[in-house]
Amino acid sequence: ALTTSATTPTSWTSTSGASQSLNFGSKSVGTYYVWAKDRAGNTNYKAVSVSKASGSGSVSMANWTYGGTASNPSPSSSTNGTSSVTYSYSGRGSTSYGPSATKPSNAGDYTVTATFAATANYNQVTATANFTINKRQCTAPSITGWSGTYNGSAHYITTNSAGSYGTLQYKVGASGTWTNGNPNTQSRTDAGTTTIYARRLGDSNNITSSEVNASIVISKKACTITAKAQTITYGDSIATGPGQ
């Protein structure tokens with residue numbers, strides 16, 4: 001007989017032979033009592049304890065880009081189920097973060113640890129997955145230069161698009177100093193070339209910089225000389241001067 005208490009059973013199963021095999025693998029956690037009774041009616045029992053089994057589980061988490069829609073952990077466990085799972089996040093490699101129950105939002109490399117709660121028959125189990133929050137690339141500003149002949153007027157860089165994310169900056173020439181602002185304030189009047197650089201600066205943590213450039217190219221205007229027809233008397237001087 002097999003019972004769940006140490007009380008002498010009233011119902012018995014007959015068996016032949018000196019031994020009987022019992023499978024406890026299908027039994028829930030708890031203490032069971034295996035009884036034996038001989039033909040003379042003598043009884044005895046042994047207690048058998050069924051402990052919780054080791055659970056199994058896995059978790060995955062997709063990458064995303066800073067500022068975009070964050071992904072969520074995807075847990076799976078055929079033993080413990082997924083109705084009671086908690087998560088902890090920590091930085092990985094050079095990324096410093098946590099451990100924290102709050103999902104990270106800054107760019108970096110991370111690990112999520114999923115803890116599946118213990119059940120009646122299975123112990124608590126944990127699983128981990130690595131994921132990355134990628135840096136966002138700035139949308140580069142779009143600028144257009146100017147090319148033509150000197151006419152005495154100032155000609156400006158045209159900003160077609162200021163881009164997005166990060167601080168908009170410009171500088172005049174490759175060795176110039178970056179200045180916050182719109183490059184469309186920069187111009188050239190005299191003949192020559194001025195190259196204007198523009199960028200979205202981004203930041204060191206979450207956004208990468210992007211840079212463009214355009215030039216104002218002013219060609220020299222051709223000099224015009226016009227001769228003035230004159231009639232003079234021999235011995236007089238020829239009049240000279242501008243336009244003559």
Side-chain angles (χ1 to χ4, degrees), residues 1-39 41-137 205-208:
L2 181 65
T3 65
T4 55
S5 71
T7 303
T8 303
T10 58
S11 176
W12 298 82
T13 300
S14 298
T15 183
S16 59
S19 64
Q20 175 70 33
S21 297
L22 297 174
N23 180 11
F24 287 89
S26 60
K27 300 295 183 182
S28 297
V29 171
T31 300
Y32 298 86
Y33 299 88
V34 181
W35 295 81
K37 181 173 68 171
D38 62 15
R39 290 186 179 128
N42 301 308
T43 62
N44 198 359
Y45 69 86
K46 288 291 184 181
V48 177
S49 179
V50 177
S51 302
K52 289 185 178 183
S54 297
S56 62
S58 63
V59 64
S60 62
M61 192 162 181
N63 301 334
W64 73 91
T65 299
Y66 172 79
T69 301
S71 66
N72 292 314
S74 178
S76 176
S77 176
S78 59
T79 56
N80 297 55
T82 58
S83 61
S84 183
V85 185
T86 58
Y87 302 99
S88 176
Y89 303 90
S90 58
R92 176 168 49 88
S94 61
T95 302
S96 178
Y97 187 81
S100 173
T102 302
K103 187 188 303 180
S105 59
N106 290 324
D109 298 315
Y110 300 91
T111 297
V112 58
T113 299
T115 300
F116 300 80
T119 67
N121 295 316
Y122 292 95
N123 289 315
Q124 173 182 292
V125 64
T126 61
T128 62
N130 294 333
F131 66 97
T132 297
I133 303 176
N134 298 302
K135 287 186 176 183
R136 178 175 290 280
Q137 175 71 49
N205 296 320
N206 296 312
I207 302 175
T208 57

Output all residues satisfying side chain to side chain contact (heavy atoms under 4.5 Å, CB included) with Thr102, sequence neighbours left out; order by chain, then residue number. Tyr97, Ser100
Where [X] and [Y] come nearest, the two heavy atoms and their spacing:
{"X": "Asn123", "Y": "Asn80", "answer": "O-ND2, 3.0 Å"}
{"X": "Val112", "Y": "Pro73", "answer": "CG2-CG, 4.3 Å"}
{"X": "Phe116", "Y": "Ala127", "answer": "CE1-CB, 4.2 Å"}
{"X": "Ala114", "Y": "Val85", "answer": "CB-CG1, 4.0 Å"}
{"X": "Ala36", "Y": "Trp12", "answer": "C-CZ3, 3.8 Å"}

Would you indicate whether Lys52, at its atom NZ, is surrounded by more than 12 heavy atoms from other residues, nucleotides or ligands within a distance under 6.0 Å? yes
Nearest 0.5 Å please: distance from the [atom1] atom of [X] over to the [atom2] atom of [Y].
{"X": "Tyr122", "Y": "Ser56", "atom1": "OH", "atom2": "OG", "value": "8.0 Å"}
{"X": "Phe24", "Y": "Ser49", "atom1": "CZ", "atom2": "OG", "value": "10.5 Å"}
{"X": "Thr15", "Y": "Lys37", "atom1": "OG1", "atom2": "NZ", "value": "13.5 Å"}
{"X": "Ile133", "Y": "Asn205", "atom1": "CD1", "atom2": "CG", "value": "12.0 Å"}
{"X": "Lys27", "Y": "Thr4", "atom1": "NZ", "atom2": "OG1", "value": "9.5 Å"}

Residues 64-72 side chain polar contacts: donor-acceptor under 3.5 Å, at least two apart:
| residue | atom | partner | partner atom | Å |
| --- | --- | --- | --- | --- |
| Ser71 | OG | Ala62 | O | 2.6 |
| Asn72 | OD1 | Lys103 | NZ | 2.5 |

Answer yes or no: is there a donor N or O on one side and an acceptor on the other, between the side chain of Asn121 and the main chain of Val29, under 3.5 Å? yes
Is it the case that the side chain of Arg136 and the backbone of Ala107 share a donor-acceptor pair, with hydrogens and angles ignored and the cut-off at 3.5 Å? no
Please list all pairs meeting side-chain hydrogen bond (donor to acceptor under 3.5 Å, both in side chains) that have one or both residues in residues 106-120, counting only residues at least two apart or in different chains. Asn106-Asn206, Asp109-Thr132, Thr111-Asn130
Pairing residues for Thr208 by the side-chain hydrogen bond (donor to acceptor under 3.5 Å, both in side chains) criterion, not counting sequence neighbours: Gln137
Quick one: side-chain hydrogen bond (donor to acceptor under 3.5 Å, both in side chains) partners of Ser88, sequence neighbours excluded? none
Going by the ring pair (Phe, Tyr, Trp, His ring centres under 6.0 Å) test, which pairs reach into residues 42-61, not counting sequence neighbours? Tyr33-Tyr45, Trp35-Tyr45
Would Thr79 and Ser77 count as a side-chain hydrogen bond (donor to acceptor under 3.5 Å, both in side chains) here? Give the steps. CA-CA 5 Å; Thr79 56; Ser77 176; 3.3 Å; yes
CA sep, side-chain torsions, deciding dist, call: Tyr87, Met61, side chain to side chain contact (heavy atoms under 4.5 Å, CB included): CA-CA 12 Å; Tyr87 302 99; Met61 192 162 181; over 6 Å; no
